[in-house]
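Below is one structure, written out as structure tokens; the observations come after it.
We use all heavy atoms of the structure for the numbers below, so side chains are in, but hydrogens, waters and symmetry mates are not.
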Amino acid sequence: MKNLLLDVASLSKSFRGLKAISNLSVKLVPGEILGLIGPNGAGKTTLFNLITGFLKPDQGTIKFLQRELVGLTPHEICKIGITRTFQIVKPFSDLSTLENVAVGCYNCTADIGEVEKSAWEILQFVGLDKQALDPASNLSTPNRKRLELARALGTKPKLLLLDEVMAGLNPKEQTDIIELVHKIREKGTSIFIIEHHMRVIMGLSDRIVVIHHGVCIADGEPRAVCEDKNVIEAYLGKGAYSC
């Protein structure tokens, strides 16, 4: 399919004989919000690490806009349009909120004026402009999540990988981040998101991929996935989530 943004094919990765990812194929089209779920240890973060160059697969291909990513470094992959966030948010605590975002903006330009302008615009977009000059270490947990998104947006990604961006947030804070993710998509960035909160992932995703022991056990629309017998047995449990 020529219109694919991301095409992961027959991907495998082992650690000391343990198969973390096994012959996994995942596809994502431009403008899509693709959810990724599965039990702890299923291989979700390993998949993100493979896509973004932090790990090298044992076999398989990872193509972005038909370009092979295997063998590229994380910063090279970032340059061509894929950025990720991490489960544990670690801002540069000795820098201001604005300076943290500026670091990401240097991915696209070395012009200080352009970097500062972009950083301010991104802070306004994510709702952190009032905290721009505050030390990043002073931010609350919800605002640190926003900063993590802002730093990623500074690189101007075509595809944004979000690793449990809702972790540690209450339902109201989750709803706010869901709205922000939708706004990011509306501006033209595709989303690939790992999330454990079923209310969030079911309401946010256009399509969901479920992996278990590194193998894809379901791929489809949210309702079909949450009614899938294999998914219920491996992850959801009977009556755990009502579609």
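- In this structure, the side chain of Lys44 engages the main chain of Pro39 through a donor-acceptor pair within 3.5 Å.
- Looking at Glu173, its side chain does come within 3.5 Å of a backbone N or O of Asn170 through a donor-acceptor pair.
- Rounding to the nearest 0.5 angstrom, the gap separating the CG atom in Leu36 from the CZ atom in Phe48 is 6.0 Å.
- More than 12 heavy atoms of other shown residues, nucleotides or ligands fall within 6.0 angstrom of atom CD in Glu76.
- For the residue pair Ile62 and Leu6, the shortest heavy atom distance occurs at CG2-CD1, 4.1 Å.
- Taking the six-membered ring where tryptophan is involved, the planes of Phe54 and Phe86 are perpendicular, since the angle between them exceeds 60° and thus also 30°.
- Residues Ile80 and Leu69 meet the side-chain proximity criterion, which asks for heavy atoms closer than 4.5 Å.
- Summarising the geometry, atom NZ belonging to Lys145 is positioned 9.5 Å from atom CE belonging to Met166; distances are rounded to the nearest 0.5 Å.
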N/O donor-acceptor pairs under 3.5 Å from side chains in residues 10-23, not counting sequence neighbours:
{"from": "Ser12", "atom 1": "OG", "to": "Asn23", "atom 2": "N", "distance (Å)": "2.8"}
{"from": "Lys13", "atom 1": "NZ", "to": "Lys56", "atom 2": "O", "distance (Å)": "2.9"}

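- Using a 4.5 Å heavy-atom threshold, the side chains of Leu139 and Pro91 count as separate.
- The shortest heavy-atom contact between Gly60 and Val70 is O-CG2, 4.1 Å.
- With rounding to the nearest 0.5 angstrom, the NZ atom of Lys183 is 10.5 Å from the CD1 atom of Ile177.
- Cluster membership for Val215 and Val26, using ILVMFWY side-chain heavy atoms within less than 4.5 angstrom, is not shared.
- No side-chain heavy atom of Leu204 sits less than 4.5 Å from a side-chain heavy atom of Glu195.
- Linking Ile, Leu, Val, Met, Phe, Trp and Tyr residues whenever their side-chain heavy atoms come within less than 4.5 Å places Ile122 and Leu180 in a single cluster.
- The closest donor-acceptor contact from the side chain of Thr85 to the backbone of Asp163 lies under 3.5 Å.
- For the residue pair Gly35 and Ile201, the shortest heavy atom distance occurs at CA-CD1, 3.8 Å.
- Taken from CG in Asp7 to OG in Ser25, the straight-line distance is 7.5 Å, to the nearest 0.5 Å.
- Shortest non-hydrogen contact noted between Thr141 and Gly168 is CG2-O, 4.3 Å.
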Evaluate Cys226 against Met198 for side-chain contact (heavy atoms from CB on, under 4.5 Å), listing each step before the verdict. CA-CA 9 Å; Cys226 76; Met198 297 309 299; 5.6 Å; no
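- The backbone N or O of Leu34 lies less than 3.5 Å from no partner atom in the side chain of Ser205, so there is not a single donor-acceptor pair.
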Determine all donor-acceptor pairs shorter than 3.5 Å in which one atom belongs to a side chain in residues 111-118; sequence neighbours excluded.
{"from": "Asp111", "atom 1": "OD1", "to": "Gly113", "atom 2": "N", "distance (Å)": "3.0"}
{"from": "Asp111", "atom 1": "OD1", "to": "Glu114", "atom 2": "N", "distance (Å)": "2.8"}
{"from": "Glu114", "atom 1": "OE1", "to": "Thr109", "atom 2": "OG1", "distance (Å)": "3.3"}
{"from": "Lys117", "atom 1": "NZ", "to": "Glu121", "atom 2": "OE2", "distance (Å)": "2.7"}
{"from": "Ser118", "atom 1": "OG", "to": "Glu114", "atom 2": "O", "distance (Å)": "3.1"}

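- Hydrophobic clustering (ILVMFWY, side-chain heavy atoms < 4.5 Å, transitive): Ile51 and Leu55 are in one cluster.
- At least one side-chain heavy atom of Ile82 sits less than 4.5 Å from a side-chain heavy atom of Leu161.
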Residues Glu32, Leu5; criterion side-chain contact (heavy atoms from CB on, under 4.5 Å); working and verdict: CA-CA 9 Å; Glu32 186 174 30; Leu5 186 66; over 6 Å; no
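- Using a distance-only test at 3.5 Å, with no hydrogens or angles considered, no donor-acceptor pair links the side chain of Arg84 to the main chain of Ala152.
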Tell me, with the steps shown, if Arg223 and Glu227 meet salt bridge (Lys or Arg N to Asp or Glu O under 4.0 Å). CA-CA 6 Å; Arg223 178 173 291 275; Glu227 293 175 347; 3.7 Å; yes
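- Without hydrogens or angle criteria, Thr97 side chain to Gln131 main chain gives a donor-acceptor distance under 3.5 Å.
- The nearest pair of heavy atoms linking Cys108 to Gly154 is SG-O, 4.0 Å.
- Placement of Val103 and Leu160 in two distinct hydrophobic clusters is found when ILVMFWY residues are connected by side-chain heavy-atom separations under 4.5 Å, directly or transitively.
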Please evaluate residues Glu164 and Thr45 with respect to the criterion side-chain contact (heavy atoms from CB on, under 4.5 Å), reporting the C-alpha separation (whole Å), side-chain torsions for both, the decisive distance (0.1 Å), and the verdict. CA-CA 10 Å; Glu164 295 193 41; Thr45 296; 5.5 Å; no
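- A donor-acceptor pair is defined here as one N or O able to donate and one able to accept, closer than 3.5 Å; no such pair exists between the side chain of Lys156 and the backbone of Asn107.
- Taken together through direct or relayed side-chain contacts under 4.5 Å among Ile, Leu, Val, Met, Phe, Trp and Tyr, Leu147 and Phe92 form parts of separate hydrophobic clusters.
- Residue Asn143 forms a side chain to side chain contact (heavy atoms under 4.5 Å, CB included) with just one option from Leu128, Asn138, Asp134, Val126, and that option is Leu128.
- Rounding to the nearest 0.5 Å places SG of Cys78 at 12.0 Å from CG of Leu72.
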Does the pair Glu148 and Arg151 meet the rule for a salt bridge (Lys or Arg N to Asp or Glu O under 4.0 Å), with working shown? CA-CA 5 Å; Glu148 183 80 348; Arg151 293 197 302 175; 2.8 Å; yes
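- Shown are Val209, Leu47, Ile33, Leu162; of these, the side chain to side chain contact (heavy atoms under 4.5 Å, CB included) with Phe192 is made only by Leu47.
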side-chain contact (heavy atoms from CB on, under 4.5 Å) between Lys79 and Thr155, worked out: CA-CA 8 Å; Lys79 279 283 187 184; Thr155 68; over 6 Å; no
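- Shortest non-hydrogen contact noted between Asn100 and Ala136 is ND2-CB, 3.4 Å.
- Separating the CG atom in Leu153 from the NZ atom in Lys187 is a distance of 9.5 Å, to the nearest 0.5 Å.
- For the pair Lys27 and Val8, the minimum side-chain heavy-atom distance is 4.5 Å or more.
- Side-chain atoms of Thr189 come within 3.5 Å of backbone N or O of Pro157 as a donor-acceptor pair.
- With a 4.5 Å cut-off on side-chain heavy atoms, Leu24 and Cys216 count as touching.
- Residues Ile184 and Phe125 are in side-chain contact: their nearest non-hydrogen atoms beyond the backbone lie under 4.5 Å apart.
- In this structure, Arg185 and Asp206 have side chains that are in contact, with non-hydrogen atoms separated by less than 4.5 Å.
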